[in-house]
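Predicted, not measured: the structure shown is a model, and the values here were computed from it.
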Amino acid sequence: MTKHSTKRGERTGPLWWVTSIVSWTLLLAISAVIVATIVIPFFAGAQRFTILTGSMRPPYNPGSLVVVKPVDPSELGIGTPITYQLESGQPTVVTHRIIATSENQKGERTFITQGDANGERDEKEVRPVQIRGKVWYSLPYLGYVNTWLTGEQRTVIVVIVVTALLLYAAYMMISGIRDGRKERARARLAPDPSASNLPNSDQNEKGQHDALAP
């Protein structure tokens, strides 16, 4: 077996295929996570919050990352999960579901909420000014990462990961193109077996004619 055929076998064998599939799967999975947790919220003006308690089990288990999209309070209805401030203007928030609406003494529409896993409704009604938005989608377990990373750390890690992914994708693409060109070049330079047999045939035929000549 030649050196070229050995190298080609290494790039087409079972181990090569398994490695390629695993590499591309990880590449696509990491890319999808980055898009879902950072890119989409950024362009949609949404916010990320981490579920810390089990009050919203089973849809939002502790550690889940919820992406909350701003919404007009007048569009909110019963059954919608919302993220709101416990006290207006304070950073502490909670994510619960709207189970009813009411009206306070000022004629302002308010919302009555309750955690899916809680047996009783929340004590205080929620005013529109407290609402940060409604839950758009959630991702399990990624909330822990969101809590651990600060804004600066998140930016640095995202830049590193995205750069590494782009470089790896470029390497795989260039490597594939280069190997394809090499294979085509070898195919062009390889001798044609049928052509190599023609001179021998001509020579044999000529010898036979010479033998028959007087």
Side-chain angles (χ1 to χ4, degrees), residues 25-162 164-165:
T25 301
L26 290 175
L27 178 65
L28 293 175
I30 296 174
S31 300
V33 169
I34 292 176
V35 170
T37 58
I38 297 175
V39 178
I40 293 179
F42 175 79
F43 285 102
Q47 293 179 290
R48 299 176 299 269
F49 296 97
T50 301
I51 301 296
L52 300 177
T53 69
S55 64
M56 283 297 287
R57 290 179 184 269
Y60 311 123
N61 293 315
S64 296
L65 178 73
V66 291
V67 178
V68 177
K69 194 174 184 179
V71 63
D72 188 339
S74 63
E75 299 177 0
L76 294 174
I78 296 173
T80 303
I82 60 173
T83 298
Y84 60 92
Q85 299 169 333
L86 287 177
E87 297 291 339
S88 180
Q90 298 300 315
T92 305
V93 297
V94 64
T95 298
H96 279 173
R97 195 179 302 277
I98 297 174
I99 61 171
T101 60
S102 184
E103 191 174 289
N104 59 20
Q105 297 178 350
K106 298 180 181 180
E108 182 182 39
R109 186 188 185 199
T110 58
F111 301 90
I112 301 170
T113 57
Q114 181 176 335
D116 290 357
N118 294 345
E120 299 180 355
R121 50 169 278 186
D122 298 330
E123 182 179 353
K124 295 183 178 180
E125 297 181 1
V126 180
R127 298 174 57 205
V129 70
Q130 297 173 247
I131 297 175
R132 303 295 295 272
K134 68 176 181 179
V135 177
W136 189 13
Y137 59 88
S138 66
L139 298 167
Y141 308 114
L142 292 181
Y144 292 125
V145 179
N146 184 63
T147 301
W148 176 67
L149 292 176
T150 64
E152 184 177 351
Q153 289 174 329
R154 185 183 296 112
T155 301
V156 172
I157 290 178
V158 168
V159 170
I160 293 174
V161 171
V162 170
L165 291 175

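- Take E87 and apply the salt bridge (charged side-chain N to carboxylate O under 4.0 Å, His left out) test, not counting sequence neighbours, and it matches K124.
- Using a 4.5 Å cut-off on side-chain heavy atoms (C-beta onward), V35 and I40 make contact.
- Summarising the geometry of R57 relative to D116, their closest heavy-atom pair is O-CB, 3.5 Å, with the distance given to 0.1 Å.
- Atom CG of L52 and atom OG1 of T95 lie 9.5 Å apart (nearest 0.5 Å).
- Taking CZ of R121 as the start and CD of Q114 as the end, the distance is 9.0 Å to the nearest 0.5 Å.
- Screening E103, R127, E125 for a side chain to side chain contact (heavy atoms under 4.5 Å, CB included) with E108, the sole residue that qualifies is R127.
- Of all heavy-atom pairs spanning P41 and R48, the tightest one is CB-NH1, 4.1 Å.
- Atom CD1 in I30 sits 11.0 Å away from atom OG1 in T25 (nearest 0.5 Å).
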Determine whether N104 and T110 satisfy the following criterion, side chain to side chain donor-acceptor pair (under 3.5 Å), listing intermediate values before the conclusion. CA-CA 7 Å; N104 59 20; T110 58; 5.7 Å; no
Just do the side chain to side chain contact (heavy atoms under 4.5 Å, CB included) check on L76 and I131 with the steps written out, would you? CA-CA 10 Å; L76 294 174; I131 297 175; 3.7 Å; yes
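- Between M56 and G115, the shortest heavy-atom distance links the atoms SD-CA, 3.8 Å.
- Sorted pairs that involve residues 27-38 and meet side chain to side chain donor-acceptor pair (under 3.5 Å), not counting sequence neighbours, are lacking altogether.
- Nearest heavy-atom pair, G143 versus T50, reported as atom, atom and distance to 0.1 Å: O-OG1, 2.9 Å.
- Interatomic distance, T92 OG1 to L86 CG, rounded to the nearest 0.5 Å: 6.0 Å.
- Listed by first and then second residue, the side chain to side chain donor-acceptor pair (under 3.5 Å) pairs involving residues 131-141 are Q47-R132 (not counting sequence neighbours).
- With contacts defined as side-chain heavy-atom distances shorter than 4.5 Å, the pair V93/Y84 does not qualify.
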With side chain to side chain contact (heavy atoms under 4.5 Å, CB included) as the test, would you mind laying out the steps for T83 and V135 before giving the verdict? CA-CA 7 Å; T83 298; V135 177; 4.3 Å; yes
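- Atom OG of S74 is separated from atom CZ of R109 by 7.5 Å, given to the nearest 0.5 angstrom.
- When every heavy atom of A36 is checked against every heavy atom of V67, the shortest pair comes out as O-CG2, 4.4 Å.
- One distance of note links CD1 of I112 with OG1 of T101; it measures 7.0 Å at 0.5 Å rounding.
- Closest non-hydrogen pair, P70 versus A46, comes out as CD-CA, 4.2 Å.
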